[in-house]
Undergrad: 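Sending over a structure as structure tokens; questions will come in a sec.
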Amino acid sequence: MEEILKFLENNATFFLATEEGDQPRVRPFGFAMEFEGKLYLCTGNQKLVYAQLQRNPKVEICAMAASGEWLRLSGKAVFELNPEAKRKAFELLPSLKDIYGSPDGPSFEVFYLTDVAATVYSFTAPPKELLP
């Protein structure tokens, strides 16, 4: 998990893919954290990504490093009401206050990923599996 978080932190914008019917949807994300041994992300429940994840929790994340390596990570989103996870997100990313007001705000959601698989790829080296 540590290597995955480090890769995401070092490459501040990563892309999360969902699906809507038969159409893939990709959007930039910029926050990930480890909490209780799980990889967490956050979003607002008024956003399309939230509705898409409610219908189909499977996601894929891709992040590209300036070195030419990229991370591909897949998993299933599990939304959680854990107030401690929400508080931790606000602690790590204070600008969430500007968007959602407080960790208890009615639109702020956190989710973690299960069934995570993560691999780092490169044009010059064989793939490196971080998690099956």
Side-chain angles (χ1 to χ4, degrees):
M1 181 70 68
E2 188 176 319
E3 265 187 280
I4 292 169
L5 277 171
K6 187 175 179 180
F7 198 100
L8 293 175
E9 288 169 1
N10 289 339
N11 303 286
T13 302
F14 54 92
F15 295 87
L16 181 130
T18 59
E19 62 83 27
E20 187 173 15
D22 66 349
Q23 181 65 46
R25 299 291 183 198
V26 180
R27 79 274 297 147
F29 265 60
F31 174 76
M33 71 175 184
E34 182 178 357
F35 183 75
E36 296 181 346
K38 300 172 190 164
L39 179 65
Y40 274 80
L41 303 157
C42 63
T43 191
N45 58 25
Q46 76 287 1
K47 296 181 179 182
L48 286 176
V49 66
Y50 178 82
Q52 292 159 359
L53 290 171
Q54 293 297 310
R55 287 189 296 275
N56 181 352
K58 293 181 181 178
V59 299
E60 187 160 284
I61 291 173
C62 189
M64 181 89 180
S67 66
E69 294 182 317
W70 67 95
L71 170 72
R72 182 177 289 156
L73 181 148
S74 62
K76 289 182 183 176
V78 177
F79 282 89
E80 176 163 62
L81 299 176
N82 184 334
E84 291 301 315
K86 289 182 170 192
R87 279 195 281 280
K88 182 70 171 181
F90 267 69
E91 176 187 317
L92 294 173
L93 189 63
S95 63
L96 287 172
K97 183 177 181 182
D98 298 335
I99 303 166
Y100 299 106
S102 77
D104 304 322
S107 65
F108 183 62
E109 302 285 346
V110 294
F111 61 97
Y112 64 88
L113 298 180
T114 64
D115 304 325
V116 176
T119 305
V120 173
Y121 295 89
S122 168
F123 293 116
T124 59
K128 178 182 175 187
E129 221 173 80
L130 301 181
L131 281 177

Undergrad: Is Ile99 linked to Leu93 within one hydrophobic cluster, defined over Ile, Leu, Val, Met, Phe, Trp and Tyr using a side-chain heavy-atom separation of less than 4.5 Å?
TA: yes
Undergrad: Give a yes or no on whether the ring-centroid distance for Phe123 and Trp70 is below 6.0 angstrom.
TA: yes
Undergrad: Where is the tightest heavy-atom contact between Ala66 and Asn11, given as atom of each residue plus distance?
TA: N-OD1, 4.1 Å
Undergrad: How many angstroms lie between atom CG of Leu8 and atom CD of Glu34, to the nearest 0.5 angstrom?
TA: 12.0 Å
Undergrad: Do the side chains of Glu84 and Arg87 get close enough for a salt bridge, i.e. N-O under 4.0 angstrom?
TA: yes
Undergrad: Drop me the distance from Glu20's CD to Asn56's CG, to the nearest 0.5 angstrom.
TA: 11.5 Å
Undergrad: Are Phe31 and Met64 co-members of a hydrophobic cluster defined by side-chain heavy atoms under 4.5 Å apart?
TA: no
Undergrad: What are the two closest heavy atoms between Val110 and Cys42, and how far apart are they?
TA: CG1-CB, 4.1 Å
Undergrad: Looking only at atom types and distance, does a side-chain atom of Glu19 sit under 3.5 Å from a main-chain N or O of Gly21, one as donor and one as acceptor?
TA: yes
Undergrad: According to a hydrophobic-cluster definition based on side-chain heavy atoms being under 4.5 Å apart (Ile, Leu, Val, Met, Phe, Trp, Tyr only), do Phe29 and Val116 belong together?
TA: yes
Undergrad: Thr18 and side chain to side chain donor-acceptor pair (under 3.5 Å): which partner among Arg27, Gln23, Lys58, Arg25?
TA: Arg27
Undergrad: Which heavy atom of Asn45 sits nearest to which heavy atom of Glu109, and what is that distance?
TA: ND2-OE2, 2.9 Å
Undergrad: What distance do Phe7 atom CZ and Leu73 atom CG have between them, rounded to the nearest 0.5 Å?
TA: 11.0 Å
Undergrad: Can you name the nearest heavy-atom pair linking Pro103 to Lys86, along with the distance?
TA: O-CD, 3.2 Å
Undergrad: Does one hydrophobic cluster hold both Tyr112 and Leu92, with members joined at side-chain heavy-atom distances below 4.5 Å?
TA: yes
Undergrad: Kindly determine whether Met1 and Leu39 satisfy side-chain contact (heavy atoms from CB on, under 4.5 Å), including the steps that lead there.
TA: CA-CA 8 Å; Met1 181 70 68; Leu39 179 65; 3.7 Å; yes
Undergrad: Say you draw a straight line from CZ of Phe111 to CG of Asn82; how long is it, rounded to the nearest 0.5 Å?
TA: 15.0 Å
Undergrad: Of all heavy-atom pairs between Ala32 and Phe14, which one has the smallest distance, and what is that distance?
TA: CB-CZ, 4.2 Å
Undergrad: Less than 4.0 Å between a side-chain N and a carboxylate O, is that true for Lys128 and Glu3?
TA: yes
Undergrad: In Å and rounded to the nearest 0.5 Å, what is the CG to CG distance from Leu16 to Leu41?
TA: 6.5 Å
Undergrad: Quick one: pull up CZ in Phe108 and CD in Gln46 and give me the separation to the nearest 0.5 Å.
TA: 11.5 Å
Undergrad: Ion pair present between Lys88 and Glu91, side-chain N to carboxylate O less than 4.0 angstrom?
TA: yes
Undergrad: Through direct or indirect side-chain contacts below 4.5 angstrom among Ile, Leu, Val, Met, Phe, Trp and Tyr, which residues connect to Phe15?
TA: Val26
Undergrad: Do the two ring centres, one from Tyr50 and one from Phe79, sit under 6.0 Å apart?
TA: yes
Undergrad: Do other residues, nucleotides or ligands put more than 12 heavy atoms under 6.0 Å from Lys38 NZ?
TA: yes
Undergrad: So if you build clusters from Ile, Leu, Val, Met, Phe, Trp, Tyr with side-chain heavy-atom gaps below 4.5 Å, do Val49 and Val78 land together?
TA: no
Undergrad: Just by distance, do the side chain of Tyr100 and the backbone of Gly44 share a donor-acceptor pair under 3.5 Å?
TA: yes
